[in-house]
Amino acid sequence: MRTKTRHQPILPALVAVMLVPLGSAHAADRDKEHRLARELQDILSSPELKEALVGVHVRRLSDGRTLFGENADRLFNPASNMKLLTSAAALWYLGSSYRFRTVVRRDAKIAGGVVRGNIYVKGGGDPTLTTESMFGLVNDIALAGVNGVDGNLVIDDQFFDERWEGPGWEQEVGDHTYNAPIGALSVNFNTFEARVVPGERVGGSARLLLWPPVDSLKGEISATTRGPGSRTRLWFGTKRTERDGVLVTVRGTIAQDDTSGRTLRRRIHRPTRFAGEMLRHLLQLRGIKVRGKLVVGPTDFVHTVPVTTRISQPLSEIVSALNKYSNNFMAEMILKTLAAEREGAPGTWAKGSRVLSRFLGEIGVPPDRFVLGNGSGLNDVNRITPAQVTQVLKAMHDRFEVAPEYIASLAVAGSSGTIHGRFGDSPAASRLRAKTGSLTGVSALSGYVATRNNEVLAFSVMMNDYPGRARSMWDIQDQIGIALARVESLDAVAKGQSGAVGSGR
């Protein structure tokens, strides 16, 4: 039997809704607003932050209003949060489909596959060149009909200036990969690999293998091979040699059954020479002998003909790797490329900083309210505010042409990049995308978070001069991210009922 639906009169219900005092709704919204403020203030009252300078800014992206501020307009060392600005400006000015080009040309005369003159390789600032891609370039040279070169291998690095170490590098001691030099033609992030493997017999010397096997890398080993099952104990050292080469020294012991060995990756010092030596070695492996010298100089575009061009992945994919894994080398290569493209070659750190300043001005950040020195955030040269960071995040979110690529470039809470192991199964997991920043005494986390009712917020948390452990700073940042992800509604703030929340110190 079909049941007849009973319709209730709707007019009384509408009247009841209309009779609810507007002040009550506003009061409820203000209560939610103040609960969020109290929760964030409680988090920031942690004893771990007692001696630290902390800045927080939360911005609602639908209207740009500030939801919470604590020292939001004070200047902070942003560490690797600086990459948010560099990648934003690159996408803004160059576009997500921009590609880096490495160009190969040769002198016009060729006989029997042998170039009767020089071959030229011009770097275009590609931060993604590796051994594999360089060999692909060499293979393309061979497939273009070149099987020998009578003259020189000329490396043209004039797309950038000859300053390989930027502002902030002078504060470093050591040969870490995160402060590798920057050159217009660079390979393997301007790092080399040293691997120690056991020798053929117990008591004999271990073996040191260097990649690439080029003249600027030398090795000395005094490590010995011990019996199977023994403990491997090795000490690596590096020393800068004449003409900016590297001497690798190894001492200690390695077990005979430790067949995989031990591997060390360290920076080189002279990018152009290193890339040229790598190219020459790969050309030889491909059967292309260069009879002349390795020379650094300009490409002769008048009397030469094209051989091949290596085209990189689009900038959108490169920026994704940059931000998810916080690659300093990529950031600086992109900054200098941005400088060369916008202000003319050679690209320099000074030009790059001017381009970043121009970008900030275009999105409404007042001039002379920040300090810019490099594009990666390495060491103590940059100063920006949490509110400026969220302004960048909003500008990129609102620019349709690049918003998807920029947002997708950030690490995802609980699943990818530098925050893959953070936030666990909290409300922020998979709903928060952010960029980390870490230096001694500096920690930062900035990005986007979707609230419970799918409002998107931009946030920036910066911590300077903290005396404790970095992990305790991460825990506090995570608590802030989780609190924002739990928010249900902030309509009162969006409508300007109470203005910005927080002390704003």
- Query: Do His269 and Arg267 get their side chains close enough for a donor-acceptor pair, meaning under 3.5 Å?
  - Reply: yes
- Only counting residues at least two apart or in another chain, list the ones meeting ring pair (Phe, Tyr, Trp, His ring centres under 6.0 Å) with Trp474. none
- Trace of the side chain to side chain donor-acceptor pair (under 3.5 Å) decision for Arg265 with Thr191: CA-CA 7 Å; Arg265 187 176 288 276; Thr191 64; 3.1 Å; yes
- From CZ (Arg74) to CZ (Arg383), nearest 0.5 Å: 11.5 Å
- Quick one: are Arg273 and Ser216 in side-chain contact, heavy atoms under 4.5 Å? yes
- Message: Show, in sequence, the C-alpha distance, side-chain angles and deciding distance for Leu356 and Leu335, and conclude whether the side chain to side chain contact (heavy atoms under 4.5 Å, CB included) test is met.
- Response: CA-CA 9 Å; Leu356 289 185; Leu335 180 69; 3.8 Å; yes
- Task: Applying ring pair (Phe, Tyr, Trp, His ring centres under 6.0 Å), name anything that partners Tyr93, two or more places apart in sequence or on another chain.
- Result: none
- Query: If you measure from the Lys or Arg side-chain nitrogens to the Asp or Glu carboxylate oxygens, is any gap between Asp300 and Arg105 under 4.0 Å?
  - Reply: no
- Message: Treating Gln388 as the side-chain partner and Thr385 as the backbone partner, does any N or O pair qualify as donor plus acceptor under 3.5 Å?
- Response: yes
- Where the side chain of Arg59 meets the backbone of Ala387, is there a donor-acceptor pair that is under 3.5 Å apart? yes
- Results of side-chain contact (heavy atoms from CB on, under 4.5 Å) for Glu341 - residues two or more places apart only: Leu94, Tyr98, Phe159, Thr337
- Examine distances only and state if a side-chain atom of Ser186 and a backbone atom of Asn190 form a donor-acceptor pair shorter than 3.5 Å. no
- Query: ring pair (Phe, Tyr, Trp, His ring centres under 6.0 Å) with Tyr466: which residues, sequence neighbours excluded?
  - Reply: none
- With rounding to the nearest 0.5 Å, note down the distance linking CZ in Arg270 to CD in Glu162. 8.0 Å
- Message: A quick test of your reading: do over 12 heavy atoms of other residues, nucleotides or ligands sit less than 6.0 Å from NE2 of His420?
- Response: no
- Query: Rounded to the nearest 0.5 Å, how far does CG of Leu53 lie from CD of Glu70?
  - Reply: 9.5 Å
- Note on the structure: Here the pair of heavy atoms bringing Pro346 nearest to Asp161 is CB-N, 3.4 Å
- Message: Looking at Arg266 and Glu193, is any side-chain nitrogen of the basic one under 4.0 Å from a carboxylate oxygen of the acidic one?
- Response: no
- Side chains of Trp349 and Arg163: does their closest heavy-atom pair fall under 4.5 Å? yes
- Do side-chain atoms of Thr66 reach the backbone of Phe68 as a donor and acceptor pair under 3.5 angstrom? no
- Does the side chain of Val103 come within less than 4.5 Å of Asp156's, by heavy atoms? no
- Message: Test side chain to side chain donor-acceptor pair (under 3.5 Å) on Ser443 and Gln477; report intermediate values, then the result.
- Response: CA-CA 9 Å; Ser443 186; Gln477 294 162 9; 2.8 Å; yes
- Task: State, to 0.1 Å, how close Gly481 and Val449 come at their nearest heavy-atom pair, and which atoms those are.
- Result: O-CG2, 4.1 Å
- Note on the structure: Those residues at least two apart in sequence (or on a different chain) that pass ring pair (Phe, Tyr, Trp, His ring centres under 6.0 Å) with Phe189 are Phe329
- Run the numbers on Val104 and Tyr120 for side chain to side chain contact (heavy atoms under 4.5 Å, CB included), then give the verdict. CA-CA 6 Å; Val104 182; Tyr120 304 81; over 6 Å; no
- Task: Measure from the side-chain N and O atoms of Asn464 to the backbone N and O of Asn77, and report whether any donor-acceptor pair falls under 3.5 Å.
- Result: yes
- Query: Under the side chain to side chain donor-acceptor pair (under 3.5 Å) criterion, do Lys435 and Ser326 qualify, and how do the steps go?
  - Reply: CA-CA 8 Å; Lys435 178 74 196 70; Ser326 201; 2.9 Å; yes
- Side chains of Ser320 and Lys324: donor-acceptor distance under 3.5 Å anywhere? yes
- Message: Evaluate Val154 against Ile119 for side chain to side chain contact (heavy atoms under 4.5 Å, CB included), listing each step before the verdict.
- Response: CA-CA 6 Å; Val154 181; Ile119 192 165; over 6 Å; no
- Query: Going from CG on Leu282 to CG on Leu137, what distance comes out if it is rounded to the nearest 0.5 angstrom?
  - Reply: 9.5 Å
- May I ask you to say whether Asp244 pairs ionically with Arg240, meaning some side-chain N is under 4.0 Å from a carboxylate O? yes
- Message: Nearest 0.5 angstrom please: Ser96 OG to Glu405 CD, how far?
- Response: 4.0 Å
- Query: Any idea how Tyr406 and Tyr448 line up, ring-wise: parallel (<30°), tilted (30 to 60°), or perpendicular (>60°)?
  - Reply: perpendicular
- Just by distance, do the side chain of Asn374 and the backbone of Gly377 share a donor-acceptor pair under 3.5 Å? yes
- Message: I want to check something: taking the side chain as every heavy atom from C-beta on, are Asp126 and Leu185 in contact at a cut-off of under 4.5 Å?
- Response: no
- Task: Check whether any side-chain heavy atom of Thr128 lies under 4.5 Å from a side-chain heavy atom of Met330, and answer yes or no.
- Result: yes
- Would the number of heavy atoms belonging to other residues, nucleotides or ligands and lying under 6.0 Å from CD of Glu170 be above 12? yes
- With the side chain counted from C-beta on, respond yes when Ile482 and Leu432 share a heavy-atom pair under 4.5 Å apart, and no when they do not. no
- Query: Are Pro212 and Met278 side-chain neighbours, meaning at least one heavy-atom pair lies under 4.5 Å?
  - Reply: yes
- Message: Just to verify, which of Val187, Leu264, Leu217, Thr177 counts as forming a side-chain contact (heavy atoms from CB on, under 4.5 Å) with Phe192?
- Response: Leu217
- Query: Ignoring hydrogens and geometry, is there a side-chain-to-backbone donor-acceptor pair from Glu488 to Asn453 under 3.5 Å?
  - Reply: no
- Query: Any luck finding a side-chain donor-acceptor pair between Glu48 and Ser46 under 3.5 Å?
  - Reply: no
- Message: Using a 3.5 Å distance criterion without hydrogens, assess whether the side chain of Asn379 forms a donor-acceptor pair with backbone atoms of Gln171.
- Response: no
- State, without any angle test, whether Ser312 and Arg99 hold a side-chain donor-acceptor pair at a distance under 3.5 Å. no
- Residues at least two apart in sequence or cross-chain that pass side-chain hydrogen bond (donor to acceptor under 3.5 Å, both in side chains) with Ser409, listed by chain then number, are Asn323
- Going by atom types alone, do Asp157 and Thr272 pair a side-chain donor with an acceptor below 3.5 Å? yes
- Arg399, CZ: over 12 other non-hydrogen atoms inside 6.0 angstrom: yes
- Message: Under a 3.5 Å threshold, yes or no: a donor from one side chain and an acceptor from the other, between Asn81 and Ser460?
- Response: no
- Message: Could you check whether any side-chain N or O of Asn328 sits under 3.5 Å from a backbone N or O of Tyr178, counting only pairs where one atom can act as donor and the other as acceptor?
- Response: yes
- Task: Show your reasoning for whether side chain to side chain contact (heavy atoms under 4.5 Å, CB included) applies to Arg431 and Asn454.
- Result: CA-CA 9 Å; Arg431 297 177 65 81; Asn454 292 319; 2.8 Å; yes
- Message: Just verifying a value: how many Å separate Leu85 CG and Lys83 NZ, rounded to the nearest 0.5 Å?
- Response: 12.0 Å
- Query: Heavy atoms, side chains only, cut-off 4.5 Å: are Ser376 and Met82 in contact?
  - Reply: no
- For Lys394 and Leu61, indicate whether the former's side chain and the latter's backbone hold a donor-acceptor pair under 3.5 Å. yes
